[in-house]
Amino acid sequence: MHDAPRIPRYAAKLLAPDEQVVFVTHPRAVRLGLVLTLGSIFLVLEVFAAIVQPGMIGLGVLPGLPLLGAHFGHLVISPVIFVSDRRVVSAARGQRPLSVDLVKVKRVLLRQKKLERIFHYGDVDVLIQHPATPQEGGYIGYEMAMVADAKGLVGAICAGAGPDCKR
């Protein structure tokens with residue numbers, strides 16, 4: 001039997017009693033920016049230690065401590081994005097959630113740079129028909145930046161939105 005995706009308690013409170021979650025994306029345990037920043041700091045310190053003074057590599061911990069604290073804060077308040085059988089929800093602890101009904105979704109756009117594609121990140125834009133201008137082309141957009149498993153999220157939204165949804 002396939003287990004239902006797990007979502008945090010603060011996000012589970014947003015679900016209706018008969019609503020089923022079909023896709024969930026959580027923040028990655030390690031953010032791409034954090035890896036690149038810490039990697040470059042440690043590389044510079046390693047080169048410095050090899051050339052000038054071998055005992056200096058222990059100081060590499062000092063610039064990493066505030067970055068690790070910021071990363072922990074990101075994991076605590078970072079949104080969980082889930083797709084249910086009815087809607088797409090982006091919920092973060094202590095913030096008002098964003099909810100879009102799947103029947104209103106007309107287009108989903110995925111933007112990924114080369115490095116983001118390698119690590120399965122990307123920016124996802126969800127476009128719904130503007131209620132004041134029902135003609136083709138009048139959209140309201142909701143952007144979700146640096147989403148983990150962005151391609152899977154786009155696929156889940158389009159599958160739930162039906163055949164009218166364009167990628």
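The figures that follow rest on heavy atoms only: side chains count, while hydrogens, waters and symmetry mates do not.
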J.: Which heavy atom in A91 sits nearest to a heavy atom in Y10, and how many Å separate them?
T.: O-CE1, 3.6 Å

J.: Between M144 and V124, is there a side-chain heavy-atom distance shorter than 4.5 Å?
T.: yes

J.: Any idea which heavy atoms bring Q112 and A150 closest together, and the distance?
T.: NE2-CB, 4.4 Å

J.: In chain order, what residues pass the side chain to side chain contact (heavy atoms under 4.5 Å, CB included) check against D101, with sequence neighbours excluded?
T.: R87, V103, K104

J.: Specify the closest pair of heavy atoms between V89 and S99, including all atoms of both residues, with the distance to one decimal.
T.: CG2-OG, 3.9 Å

J.: Check salt bridge (charged side-chain N to carboxylate O under 4.0 Å, His left out) between R117 and all other residues, then give those that pass, not counting sequence neighbours.
T.: none

J.: Give a yes or no answer on whether the side chain of T25 reaches the backbone of A148 with a donor-acceptor pair at less than 3.5 Å.
T.: yes

J.: Looking at CD1 of I157 and CZ of R107, how far apart are the two atoms once the value is rounded to the nearest 0.5 Å?
T.: 14.0 Å

J.: Of all residues at least two apart in sequence or in a different chain, which pass the side chain to side chain contact (heavy atoms under 4.5 Å, CB included) check with R111?
T.: D123, D125, E143

J.: Any idea which heavy atoms bring A11 and V80 closest together, and the distance?
T.: CB-CG1, 3.6 Å

J.: I need the F82 CZ to L14 CG distance, nearest 0.5 Å.
T.: 5.5 Å

J.: Side chains of V88 and Y142, heavy atoms from C-beta outward: is any pair under 4.5 Å?
T.: no

J.: Side chains of L102 and V83: does their closest heavy-atom pair fall under 4.5 Å?
T.: yes

J.: Mind checking side-chain hydrogen bond (donor to acceptor under 3.5 Å, both in side chains) for S84 and listing every partner two or more places apart, or none if nothing turns up?
T.: E19

J.: Of all the heavy-atom pairs spanning I81 and S90, show the shortest one and how long it is.
T.: CG1-OG, 3.8 Å

